[in-house]
Amino acid sequence: MITIKQISITDLSTDAIVNAANEHLQAGGGVCGAIFSAAGYDKLQAACDVFKHCDTGSAVITSGFDLKAKYIIHAVGPIWRGGQNGEPQALYNAYKRSLELATENGCHSIGFPLISAGIYGYPLEDAWRQAIHACRDFENSSTHSIEIIFAVLDKRIIDTGIEILNELNSSSSSLLFENLLISGRQVEAVFFHLPNELYGFLSNWYMSPFDLDGVHYSSMEQYIMYQKCVLFGDQATAKKVLLTDDPSEQQKLGKLCTGYINGVWAGARQAIAMRGLLAKFNQNADLRERLINTKEAYLVECAHSDKIWACGIRLNESERFDATKWTGQNILGFALMAVREIIQENHEVNNTRSIDKFHGCLIGGAAGDALGYAVEFMHENQIISKYGNDGITEYELKNGVAEISDDTQMTLFTANGLLFGTTRGMTRGIMGDYESYIQIMYQNWYRTQKETYPIQEDYLCSWLMNIPALFSRRAPGNTCLSAIKQGAEGSTVHPINDSKGCGGVMRVAPIGLYFVNKHQQFEMSDKLGAEAAALTHGHDLGFIPAAALVHIIRALLEERISLKDAVKDAIDAMRKLFPDAKHINEFTAIMEKSIMLSDTASDDLNAIHQLGEGWVAEETLAIAVYCALKYERDFDKAIRVAVNHNGDSDSTGAVCGNILGAYLGYDAIPQKYKEHLELHDIIIEIADDLYNDCRISEYDSNRDEVWESKYIYATYPGGKR
Ligand SMILES: Nc1nc(O)c(N)c(N[C@@H]2O[C@H](COP(=O)(O)O)[C@@H](O)[C@H]2O)n1
Ligand SMILES: [Mg+2]
């Protein structure tokens with residue numbers, strides 16, 4: 001429910017109010033100044049200083065201090081620079097993020113100012129449309145109920161808002177759709193034109209960076225004009241198209257294309273447009289979500305002068321409502337609808353969390369670990385002389401068992417930490433950070449390395465302590481051991497040491513799985529990946545790769561994007577999450593090299609040598625990603641390449657197996673890697689638990705004795721220690 005009130009935002013008694021903040025989160029004038037003085041300047045500034053910075057299009061939350069509202073959400077809207085610099089999306093995102101933060105903090109009412117409409121200069125009507133659009137989209141897609149109030153003092157601004165709210169309310173029974181008469185029936189439709197208007201994100205002129213076939217584009221217009229020139233062999237103009245980000249310039253250049261044949265372009269343009277649109281929406285998660293939200297509405301581009309891509313009618317002309325009166329073909333609208341169907345289908349399939357992928361990720365990791373463990377400390381020539389030119393291709397069995405190493409052992413304890421933490425929260429109503437439970441579990445793992453089974457104690461936190469086979473040292477990592485001995489109390493902010501050993505990245509895959517479709521920001525699970533690694537590894541290259549692996553695994557399962565897009569997405573996410581990390585450029589460089597090599601290298605060993613040996617985390621992830629990308633449909637080949645080299649074979653094998661297992665699923669892992677695999681059934685069991693998650697709570701009388709014996713009493717299996 002959205003209402004507009006003439007009231008000072010500082011007088012609202014909503015659960016949260018939103019401050020129109022600046023990126024530096026400093027007190028300013030206008031709404032921002034009023035909020036700071038009403039909340040208590042010093043206290044609020046001190047709380048904001050903790051964050052230091054907030055990106056445009058995002059938001060952070062603090063206490064409301066002396067205000068009636070419990071929370072202040074500081075949302076950074078864009079400065080208006082003409083509308084071609086991503087302003088509409090940034091404004092939309094600022095509202096969306098504010099509503100997400102309110103939801104995450106249990107708010108049921110929120111007060112907004114009209115963000116960016118003051119000194120940031122956003123045109124008033126457009127600011128209202130974008131604000132209402134973002135709030136409506138949120139209401140439609142969230143199960144959390146929240147009352148939204150716009151608090152505005154200026155009567156003129158209120159009148160404009162009410163006019164737009166009424167217009168949007170009456171336009172159709174459903175959201176912001178209008179009616180269109182087509183093929184003799186009335187359907188819902190979305191009409192769009194300029195990029196800075198309400199549905200401007202559908203326009204080819206909307207700034208929406210994406211990569212395709214190794215070329216970077218800032219918008220669809222740039223992509224289409226470039227493709228047109230390339231199709232007709234005009235490389236010189238094609239190059240010029242890439243040199244400008246101004247869509248009107250690109251359009252002019254496209255018209256200069258030499259060798260142009262109308263019939264050829266008419267045949268090719270639709271398919272070309274669809275490839276670009278798929279990349280545009282798949283690589284921009286916010287835009288993809290907004291496209292999905294247009295549901296089944298007809299998409300119609302309105303432009304009087306464009307008789308091909310658009311319907312030939314202006315956005316304000318009533319002829320647009322009747323397709324028989326169109327003078328254009330609306331090619332862009334039809335291409336968008338076709339792409340939307342593909343994306344919606346993938347979205348639905350993907351929204352069903354796949355147990356096969358959970359099994360695949362953990363069994364895949366264990367398989368790579370077990371294959372590599374046999375050759376972890378062998379040089380390539382030793383591997384070849386023992387196993388032949390193809391290196392090790394099958395498990396080396398010990399007493400009929402393919403032994404897993406510390407990588408998989410610790411992975412199981414990471415999963416146990418997540419489930420122990422959640423169960424505690426659900427049954428006691430209070431929980432700490434997930435990393436604190438993971439830390440406890442690593443201390444349990446440490447005891448399996450130092451003590452013998454069984455440990456005679458009344459209570460241990462982890463049920464894994466009841467598995468005798470885990471009490472076995474399998475070349476445990478030196479940093480892991482020494483850091484846990486000290487307490488494993490490191491964090492990204494307070495590093496415990498300066499190690500970038502691969503012990504952090506090799507064990508965090510369960511975090512990526514656990515947060516699939518849990519409606520948490522990727523930033524949250526990425527950060528947890530980093531913190532789980534930073535418990536023991538303090539160098540930024542010790543924990544950034546862990547965050548990236550978590551991101552890749554979650555993105556693969558949740559977004560249903562290609563493996564390469566998941567990796568690229570993770571690199572971008574790391575740039576945003578750790579912009580000031582000393583070695584962030586080193587990390588992105590090696591990851592980009594890994595992608596490049598997977599596209600170009602003919603000799604795998606040579607490619608791996610260019611990436612390193614995998615003893616340190618960024619090399620481990622880069623080698624694993626190289627192998628996974630290069631053999632993305634062939635699990636067997638990928639992990640064989642990942643382990644047959646001079647370096648840390650079990651960890652590069654484990655991480656590669658985690659990634660490809662998550663991508664391809666358990667069924668795609670050859671049987672030879674499932675048979676004889678040590679603790680196969682325990683690994684499957686913990687993957688099931690991550691998938692099913694805790695279903696008991698203090699408010700529910702339903703019991704689950706097995707779950708309780710695992711994640712409360714730690715007595716499973718067997719009932720009693
Ligand atoms: N290089 C090396 N020497 C040993 O003696 C070892 N036990 C290992 N173990 C492997 O090291 C990796 C984790 O190391 P950190 O904890 O990050 O130092 C992991 O692959 C272990 O299997 N390595
Ligand atoms: Mg190992």
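Every value quoted in this text rests on a predicted model; they were computed, and no experiment measured them. Below, all heavy atoms of this structure are taken into account, side chains as well, without hydrogens, waters or symmetry copies. The first residue of the sequence shown is numbered 1, and numbering continues consecutively from there. Remember, it's 1-based here, ligands and their atoms both numbered in the order they're listed.
Atom 7 (N) of ligand 1 has as its closest protein heavy atom Pro476 O, 2.9 Å. Annotation: atom 5 (O) of ligand 1 to nearest protein heavy atom, Asn478 ND2, 3.9 Å. Atom 9 (N) of ligand 1 has its closest protein heavy atom at Ala475 O, 3.0 Å. Protein heavy atom closest to atom 14 (O) of ligand 1, with residue, atom name and distance, is Gly477 CA, 3.4 Å.
Looking at Asn399, its side chain never comes within 3.5 Å of a backbone N or O of Val401 through a donor-acceptor pair. Between the side chain of Asn416 and the backbone N or O of Leu412, no donor-acceptor pair lies under 3.5 Å. His379 contributes no side-chain N or O that, together with a main-chain N or O of Asn381, makes up a donor-acceptor pair within less than 3.5 Å. Judged by distance alone, with hydrogens and angles left aside, the side-chain atoms of Lys630 form a donor-acceptor pair with the main-chain N or O of Ala601 at under 3.5 Å. Of the possible polar contacts, one joining the Asp356 side chain to the Tyr666 backbone as a donor-acceptor pair under 3.5 Å is found. Side chain of Ser58 to main chain of Asp55: no donor-acceptor pair is present (N/O by atom type, distance under 3.5 Å, no hydrogens or angles). Although no hydrogens or angles enter the test, the distance criterion places no donor-acceptor pair under 3.5 Å between the side chain of Ser525 and the main chain of Phe515.
Looking at Met506 against ligand 1, only its side chain comes within 4.0 Å, counting heavy atoms. Only side-chain heavy atoms of Asp407 come within less than 4.0 Å of ligand 1; its backbone N, CA, C and O stay farther off. With a 4.0 Å heavy-atom cut-off, ligand 1 is reached by the side chain of Ser651 but not by its N, CA, C or O. Neither the backbone nor the side chain of Thr536 has a heavy atom within less than 4.0 Å of ligand 1. For Ala617, no heavy-atom contact with ligand 1 is shorter than 4.0 Å.
Every atom of ligand 1 is numbered from 1 in the order shown, and the set under 4.0 Å from a heavy atom of Asp648 is 11 (O), 12 (C), 19 (C), 20 (O). Ligand-side atoms of ligand 1 in range of Trp615: 1 (N), 23 (N), range being under 4.0 angstrom from any heavy atom. Each of the following atoms of ligand 1 lies closer than 4.0 Å to a heavy atom of Asp406: 19 (C), 21 (C), 22 (O). Remark: ligand 1 atoms within the under-4.0 Å shell around heavy atoms of Cys502 are 12 (C), 13 (C), 17 (O), 19 (C), 20 (O). Every atom of ligand 1 is numbered from 1 in the order shown, and the set under 4.0 Å from a heavy atom of Asp650 is 20 (O), 22 (O). Short contacts between ligand 1 and Gly501, defined as distances under 4.0 Å to a heavy atom of the residue, involve ligand atoms 17 (O). Near Cys480, meaning under 4.0 Å from one of its heavy atoms, ligand 1 places the atoms 16 (O).
The distance criterion of under 3.5 Å between nitrogen or oxygen atoms is not met by Ser405 with respect to ligand 1. The distance criterion of under 3.5 Å between nitrogen or oxygen atoms is met by Thr479 with respect to ligand 1. Here's the thing with Gly504: none of its N/O atoms is less than 3.5 angstrom from an N/O atom of ligand 1.
Taking the side chain as every heavy atom from C-beta outward, Phe358 and Asp688 never approach each other to under 4.5 Å.
The shortest separation from a heavy atom of Ser499 to ligand 1 is not under 4.0 Å, leaving the residue out of contact. At a 4.0 Å cut-off, at least one heavy atom of Phe377 sits close enough to ligand 1 to count as contact. Residue Glu376 places a heavy atom under 4.0 Å from ligand 1. Within the 4.0 Å heavy-atom cutoff, Arg474 does not count among the residues contacting ligand 1.
Using modelled atom types and a 3.5 Å distance limit, the side chains of Glu376 and Ser405 yield no donor-acceptor pair. A side-chain donor-acceptor contact under 3.5 Å links Gln449 and Gln409.
Salt-bridge formation is not detected for the pair Lys568/Glu592: no Lys NZ or Arg NE/NH1/NH2 atom is positioned less than 4.0 Å from an Asp or Glu carboxylate oxygen. The residues Glu23 and Lys52 are annotated as not salt-bridged, no charged nitrogen and carboxylate oxygen being separated by less than 4.0 angstrom. Ion pair Arg640/Asp390 not flagged as a salt bridge, since none of the NZ, NE, NH1 or NH2 atoms sits closer than 4.0 Å to an Asp/Glu carboxylate oxygen.
Of the angles at the Mg ion (ligand 2), the one spanning OD2 of Asp650 and OD1 of Asp406 is 160° when given to 10°.
Backbone or side-chain N, O or S atoms of Ser405 reach the Mg ion (ligand 2) at under 2.8 Å.
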> Which is it for Asp599 and Lys564 under the salt bridge (Lys or Arg N to Asp or Glu O under 4.0 Å) test, yes or no, and what are the steps along the way?
Replying inline: CA-CA 10 Å; Asp599 279 333; Lys564 194 190 273 184; 3.0 Å; yes
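The six-membered or imidazole ring of Phe413 lies away from that of Tyr442, with a centre-to-centre distance of 6.0 Å or more.
Between the Mg ion (ligand 2) and the N, O or S atoms of Asp407, the shortest distance is to OD1.
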